[in-house]
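Lettering follows sequence order; numbering is per chain, from 1.
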Amino acid sequence: MSVEYNPKEFEAKWQERWFKDLFYESKDFAKGKEKYYLLVEFPYPSGDSMHMGHTRNYCMMDTVARLRRMKDQNVLFPIGWDAFGLPTENYAIKVGRPPQEITKENIDTFRRQLHSLGLSFDWSREIDTSDPKYYKWTQWIFLKLLEKGLAYKAEQPINWCPKCKVGCANEEVIDGRHERCGTLVEKRNINQWMLKITEYADKLDKDLDLTDYWESVKTRQREWIGKKTWYDIEYKIEGTDEKILVSTTRPDTQFGSTFVVIAPEHEIVEKLKKYMSPEILEEVERYQEESKKKSELDRISQLKEKSGVNTGLFCKNSITNKTLPIYIADFVLTTVGTGMVVGVPAHDKRDFEFAQKYKLPIIRVIEGEDGNREEINSVEKVCEGEGTVFNSEFLDGLSTQDARVKVGEYIKEKGIGDVVVRYHLRDWVFSRQRYWGEPIPVVHCDKCGTVPLPEEELPLELPKVESYEPTDTGESPLANITQWVNTKCPKCGGPAKRETDTMPNWAGSSWYFLRYTDPKNSDKLGDAKKMEYWLPVDHYEGGAEHVTLHLLYSRFWHKFLYDIGVVPTKEPYKKRTIHGNVLGEDGQKMSKSLGNVINPDEIIEKYGADVVRGYMMFMGPYEGDVLWSTETINGLKRFVSKYYGFLLSAWERKDKSSPKVTKAVLKLANKVEEGILNFKFNTTISALMEFYNEFHKEIFSKEDLEKLVIISAPIFPHLSEEIWEKTGHDYSVHMQSWPQIDKEHLKEEEVEIPVQINGKVRGRLKVNVDISEDEIREKVLSEKAFSEYLDSGNIKRLIYVPGRIVNIVV
RNA sequence: GCCGGGAUGGCGGAAUAGGCAGACGCGCGGGACUUAAAAUCCCGUUCUAGAAAUAGAGUGAGGGUUCGAUUCCCUCUCCCGGCACCA
């Protein structure tokens, strides 16, 4: 019998029914079930449609959620909208419509699209970061941070477009120019709200040990935090009373130092200017202006030629007593160390390039391999590794590690420096001069200074404005709404002005996983018992682009909330994995300009949700980037149609299964279960195909067929539900339990193993799995097929790997 | 540049506590069905030589460890992502 597979007939029907029944609503405190919190990164509802990337990640994770429910876990699989942000605001400016409206439309589109894939999200917990009921608590967290001294204001450089009179995001600066108007962008210091994430640097580093993140994720977090031991050493500037505090992580190389470099924007440069000759002063100031225009990336890149200015000043290395020239160069950043570094060209590639350009001496003080003390005269020879120190007076003969300790002791003893732990991590710039974000809930009072809004006044809602363009002064559009800005000081009742900066997009996404546990609570960020029950997130699935910043920011907020007793766990996420991206058919990122974008709506319409889901899983490994292929999805369509027809026709001719068939069904269940739980989605689909290829003509029992439908349910939820109903079962297949699998039962008694002679496969033997090495030796030797290869020599060695392979060395 | 990831047939990929390289799918070639096409089904499909049996080569490049390396170690090349105001 052939059965037409027509998903249009039933997919929408089941989606509606599942939604109406709130089928996937997770119950807090479900008795007798283990909880499992599966979190996917919530989407930014931008532009016109969800991406293929969202489609793939959510389809894969939905399969996990469905399987875990069938394995009797109480699964929390929520979704929401990361709704504030720059792209929507820019679009609002362009079309002259309120971002609120645009966002609402985008969310409606995304919701419909997610729905049309049959994803089993718990829609009763949907959240939206731009909803005042949500951002009330984002603002509340900010007030708590302020109260605990973790929010402060500081001068920070921003990208400034002098033509548009607006601060711009890095994203909007292309080749140093503002993408909208093409004007060269400058650095400009403005007073910004900052969050003291550095206070948590050590905890953020150490507590990674409490998690099961993928190792690559942990490494990236650690590298970003960048805990390092620095040695700060005071050098006197010759002919003056000034001192500079240089810093290095390699004090073992001090005797190889030949110059000192200061970052051009360093405040000490202003102090030193009075000692410079007029010609040099002019050059220094020109250089300072130039480097303002460069991006940080350009400054530190080794690809670009080093530049710098000789100040004509000298200092004395207080360890070696040697006189060193002082340069100003922008490959040094104020944010690294003390912003003043010692140049050791023999043992640092960047220092080497700089020394070559300015003809500075190069002195080797660390031996290479086998005591190599050869002169360093090319970049390739620069020796950045560890070794034995020489030509270094009191450090001679020490290992570089020991030498560092010794210098540390020396500078402390002599009172000329200190050993300091520093982090690459910098404090979080929390202000945006933008409209579409959470207003920062403080007022500025002439008498009382900066005053936080009282908690009762939250949420501080974003007022409606006429224009979303920043003001002429570069302040946020909010600054133009005088009736909103002018307010009373909560402390003294006098006139005060509201803060007009808003929060960055990162704010709302730093705690959304907490809100899912209790999304409608209006008295608290979340109920303590509910958070206790659901936290931590068991598995947080997301992209590589969020593994540094977002992950750090949300861990920081979580740790802070833990410290003030709001949340029950030290860490928010137990496990973090990284998915790959969906690229276009041409291997490029999907983008409008390349015309390689595939719209999920169109393919769902054309193939149906189950085919799309199957294809999303089959395209390639979870963690790898995958290429869209219209040809391959046709293959999936072919398979799903065949598979659907097979299940229905097998039901019509059901009878007794052979033991082989029954075993195969259980083996498949086991394979699918392990595949899904270990994110091997592509081979899980292969397993279904292999099963079909081998068994679709067999006779199955009623019980075995029911199992097959149940096994298919997490992967193809619609067609499984349809078949379940068509074969006379009660709603719903998704409420059935996953088959019990006794792994002992799945073992094969006989295996076919390859026989290698000198590493080449020369044949195969069918043997009992428990065969001993002696027995197999006898078997191989008695087999004629192998004798021609064995005649020529004596058997030197026979290796038998039980159940896998025999290798004979002759 | 720094940090993270990656490279396997014509294509997407499979196989790593070191054990048959190329599962599964696409594409392609051949055949069946059809007046014909589409759809469907069957057979073949890493490369080289050979009618075939078979032989040799082969997992980005080079080296090493091992009875045995896609898997482990060293050196290198290229590609993707992140680099703090895109999210």
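Proximity of residues 84-94 of chain A to RNA chain B (heavy atom under 4.0 angstrom from any strand atom) is restricted to A:Gly85, A:Leu86, A:Pro87.
Note on A:Gln192: a base of the nucleic acid sits closer than 4.0 angstrom, heavy atoms only. Using a 4.0 Å heavy-atom distance criterion, A:His546 is classed as a base contact. Using a 4.0 Å heavy-atom distance criterion, A:Gln433 is classed as a base contact. Among the heavy atoms of the strands, none lies under 4.0 Å from A:Pro43. Across all strands, A:Ser431 comes closer than 4.0 Å to base atoms (heavy-atom distances).
The local environment of NZ in A:Lys642 is crowded, with over 12 non-hydrogen atoms from other residues, nucleotides or ligands closer than 6.0 Å.
Rounded to whole Å, the separation between the C1' atoms of B:C33 and B:C41 comes to 8 Å. Distance check on atom P: B:G56 versus B:A37 gives 44 Å, rounded to whole Å.
Here the closest non-hydrogen pair linking A:Asp625 and A:Asn581 is OD1-N, 2.8 Å. Looking at every heavy atom in both residues, A:Thr103 comes nearest to A:Trp436 through OG1-CZ2, 3.3 Å. The shortest non-hydrogen separation linking A:Asn189 to A:Glu155 is CB-OE1, 3.3 Å. Of all heavy-atom pairs spanning A:Met689 and A:Leu636, the tightest one is CE-CD2, 4.0 Å. For A:Glu475 against A:Thr500, the heavy-atom pair with the smallest separation is OE2-OG1, 4.2 Å.
A:Tyr607 meets the ring pair (Phe, Tyr, Trp, His ring centres under 6.0 Å) test with no other residue; sequence neighbours excluded. Residues passing the salt bridge (charged side-chain N to carboxylate O under 4.0 Å, His left out) test with A:Asp501, sequence neighbours excluded: none. Taking A:His178 as the reference, nothing meets the ring pair (Phe, Tyr, Trp, His ring centres under 6.0 Å) condition, with sequence neighbours excluded. The ring pair (Phe, Tyr, Trp, His ring centres under 6.0 Å) check on A:Phe352 picks up nothing, with sequence neighbours excluded. Residues passing the salt bridge (charged side-chain N to carboxylate O under 4.0 Å, His left out) test with A:Glu265, sequence neighbours excluded: A:Arg299. The ring pair (Phe, Tyr, Trp, His ring centres under 6.0 Å) check on A:Phe42 picks up A:Tyr512, with sequence neighbours excluded.
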What does nucleotides 22-29 of chain B look like as a protein-contact string, B for base, S for sugar-phosphate only, - for none, at under 4.0 angstrom between heavy atoms?
-BBSSS--
Let me have a per-nucleotide readout for nucleotides 66-72 of chain B, 5' to 3', with B, S or -, counting only protein heavy atoms under 4.0 Å.
-B-----
How does each nucleotide of nucleotides 78-84 of chain B score, in 5' to 3' order, for protein heavy atoms under 4.0 Å: base (B), sugar-phosphate only (S), or none (-)?
--SBSBB
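Between A:Arg762 and B:A55 there is a side-chain N or O to OP1 or OP2 distance below 4.0 Å.
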Given pairs defined as Watson-Crick or G-U wobble with both distances under 3.5 Å, what dot-bracket annotation applies to RNA chain B, with ( ) intrastrand, [ ] crossing, | other strand and . unpaired?
(((((((..(((......[....)))((((((.......))))))((((....))))..(((((..]....))))))))))))....
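With A:Thr88 contributing its side chain and A:Phe84 its backbone, the two residues share no donor-acceptor pair below 3.5 Å. Between the side chain of A:His546 and the backbone N or O of A:Gly543 there is no donor-acceptor pair closer than 3.5 Å.
Seen from the ring of A:Tyr423, A:Lys228 does not count as a face-on cation partner, given the 6.0 Å and 45° thresholds.
Within the structure, no pair that satisfies the side-chain hydrogen bond (donor to acceptor under 3.5 Å, both in side chains) test touches residues 682-697 of chain A, not counting sequence neighbours.
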